[in-house]
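Inspection log for the structure reproduced underneath, given as structure tokens.
When reading the values below, keep in mind they use all heavy atoms of this one structure, side chains included, and skip hydrogens, waters and symmetry mates. Naming convention: chains lettered A, B, ... in sequence-line order (proteins, then strands); numbering from 1 in each chain. All values derive from a computational prediction rather than experimental measurement.
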Number of protein chains: 2
Amino acid sequence: MKLHERLRELRSERGQRLKDVSEIAGISIPYLSDLERGRTNPSLETLQTLAAAYDLSVNDLLAPVEFYGDASDSALPKGLADLLADPVLGGHITPDWVSSLSRIELRGKRPQTKEDWYDIYRNLKRILE
Amino acid sequence: MKLHERLRELRSERGQRLKDVSEIAGISIPYLSDLERGRTNPSLETLQTLAAAYDLSVNDLLAPVEFYGDASDSALPKGLADLLADPVLGGHITPDWVSSLSRIELRGKRPQTKEDWYDIYRNLKRILE
DNA sequence: AATCGTTTACGGTCAAGACGTAAAACTGGC
DNA sequence: GCCAGTTTTACGTCTTGACCGTAAACGATT
């Protein structure tokens, strides 16, 4: 997901108009429109005021955004790829689950084996679906 | 922690010189120095190349950085905040775990109750630690 | 002190962030 | 259909500040 898509998502999620966010954030309407269409990028300072307008931290605002060369989306975690390749255990796992699972990590550490991934998958599935 | 402190931290952690990072990232030495002293802020694009130079995602680079008006607590998923407030179940959960758990979602959906969060936490902890 | 390696200070430039105005694209009512 | 009102987009302009090059300052070693 690109940054400008994220920005539009946040606003439409809340059912706000450009005018509303513009007034809250103190940013002009045309510029907001430009940002949401990817015509230009916000400075870090503008990012902060936008995050504040949506009551988010900058980190949370950026969390779903894939930057070019992001380590996480270039390759699947090792064991997860194995799980997906396993027709019986992982053959039916959908792409949204893959992207959800791919984000799991603690200080750069991740599950290693396909069994571990499967275990996590089943546990999350039980709770989230 | 300010962004410029974070940048200096990353470089000194790795024992690199301005020259080293400069060559890896393709950024001039004086400008790197400026960034690390807070004389100027990087553009989002420069942030990405810096994150790549340190082999981090942009989110991980920014994770310890406190922006003005950070509202990270308000962005915590509902039940997760409850879990953290629970002294016996969640009192000992560390910040890196919180940020790790916060990323869990499927198509915008997340665990709702503190019991669900705790269940996931224990399951992940067993595998990741 | 002199030389070498590293970091900082300082100006200049030019891309692009941000805005204002105005046109375009909806939306609903008549 | 047409028209009024609202919301979004296109475009031109200004101005800030990101980024660089050069040179000076700092430090260590001999």
Side-chain angles (χ1 to χ4, degrees), chain A residues 1-70, chain B residues 1-70:
Chain A
M1 169 178 248
K2 294 277 202 297
L3 174 58
H4 72 96
E5 297 167 331
R6 170 67 165 158
L7 290 174
R8 175 136 300 182
E9 174 190 68
L10 282 170
R11 183 169 61 87
S12 66
E13 265 178 5
R14 288 148 219 246
Q16 293 175 301
R17 298 163 303 172
L18 289 173
K19 180 169 189 246
D20 301 323
V21 178
S22 159
E23 284 169 359
I24 295 173
I27 287 176
S28 79
I29 292 180
Y31 181 48
L32 258 184
S33 172
D34 287 345
L35 287 176
E36 293 189 355
R37 283 175 297 135
R39 188 172 172 273
T40 185
N41 297 308
S43 67
L44 275 181
E45 193 180 345
T46 302
L47 246 200
Q48 293 175 46
T49 72
L50 279 174
Y54 291 122
D55 205 19
L56 289 174
S57 71
V58 173
N59 296 302
D60 290 334
L61 195 161
L62 290 180
V65 177
E66 306 151 3
F67 289 99
Y68 172 78
D70 240 1
Chain B
M1 172 179 244
K2 295 278 202 297
L3 175 58
H4 72 96
E5 297 167 331
R6 170 67 166 156
L7 289 174
R8 176 137 298 181
E9 174 190 68
L10 283 170
R11 183 169 61 87
S12 67
E13 266 178 3
R14 289 151 217 244
Q16 293 174 301
R17 298 163 302 173
L18 289 173
K19 180 168 190 244
D20 301 323
V21 178
S22 159
E23 284 169 357
I24 295 173
I27 288 175
S28 79
I29 292 180
Y31 181 49
L32 257 184
S33 172
D34 288 345
L35 287 176
E36 293 188 355
R37 282 173 302 133
R39 187 171 173 268
T40 185
N41 298 309
S43 66
L44 277 181
E45 193 181 345
T46 303
L47 246 200
Q48 294 175 46
T49 72
L50 279 174
Y54 290 123
D55 205 19
L56 289 174
S57 73
V58 172
N59 294 301
D60 289 337
L61 194 161
L62 290 180
V65 177
E66 306 150 3
F67 289 99
Y68 172 80
D70 236 357

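- Taking 4.0 angstrom as the limit, B:R11 places none of its side-chain polar atoms (N or O) nearer than this to OP1 or OP2 of C:dT6.
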How far apart are the C-alpha atoms of A:R8 and A:S12, what are their side-chain angles, what is the distance that settles it, and do they pass the side-chain hydrogen bond (donor to acceptor under 3.5 Å, both in side chains) test? CA-CA 6 Å; A:R8 175 136 300 182; A:S12 66; over 6 Å; no
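- The interatomic distance linking A:Y31 (OH) with C:dC19 (C1') rounds to 10 Å, in whole Å.
- Rounded to a whole Å, the CZ atom of A:R17 is 18 Å from the P atom of C:dC26.
- Nearest nucleotide to the A:L18 side chain, out of C:dC19, D:dT8, C:dT7: D:dT8.
- Nucleic acid contact for B:L35: none, since no nucleic acid atom lies under 4.0 Å from a heavy atom of the residue.
- Rounded to whole Å, atom P of C:dT7 lies 8 Å from atom CD1 of B:I29.
- With a 4.5 Å cut-off on side-chain heavy atoms, B:V21 and B:I29 do not count as touching.
- One can place CG of A:D20 at 13 Å from C1' of D:dT8, the figure rounded to the nearest angstrom.
- As judged by a 4.0 angstrom heavy-atom cut-off over every strand, A:S43 is placed among residues touching the sugar-phosphate backbone only.
- In this structure, B:L7 atom CG and C:dT7 atom P are separated by 14 Å, rounded to whole Å.
- Comparing A:G26 and B:E45 against DNA chain C, the residue whose closest nucleotide sits nearer the 5' end is B:E45.
- Judged by distance alone, the side chain of A:R39 and the main-chain N or O of A:L35 form no donor-acceptor pair under 3.5 Å.
- Side-chain contact between B:L61 and B:R6 is present, with at least one heavy-atom pair separated by less than 4.5 Å.
- Side chains of B:E36 and B:L18 form a contact here, defined as non-hydrogen atoms less than 4.5 Å apart.
- Comparing D:dC20, C:dA9, D:dT9 by their closest approach to the side chain of B:P30 singles out C:dA9.
- The nearest whole Å value for the distance from the CG atom in A:N41 to the C1' atom in D:dT16 is 16 Å.
- Remark: C1' of C:dA16 and CG of A:L44 are 15 Å apart, rounded to the nearest angstrom.
- Across D:dT22, D:dA10, C:dG11, the shortest atom-to-atom separation from the side chain of B:R39 is found for C:dG11.
- Listed nucleotides C:dT8, D:dG21, D:dT8 differ in distance to B:R8; the shortest reach to its side chain belongs to C:dT8.
- Between B:S33 and the phosphate of C:dT8, there is a side-chain N or O to OP1/OP2 separation shorter than 4.0 Å.
- For A:Q16 and D:dT7, the CD to P distance is 13 Å, given to the nearest whole Å.
- Nearest nucleotide to the A:I27 side chain, out of C:dA18, C:dC19, D:dC20: C:dC19.
- Counting non-hydrogen atoms under 4.0 angstrom, B:D34 reaches a base of the nucleic acid.
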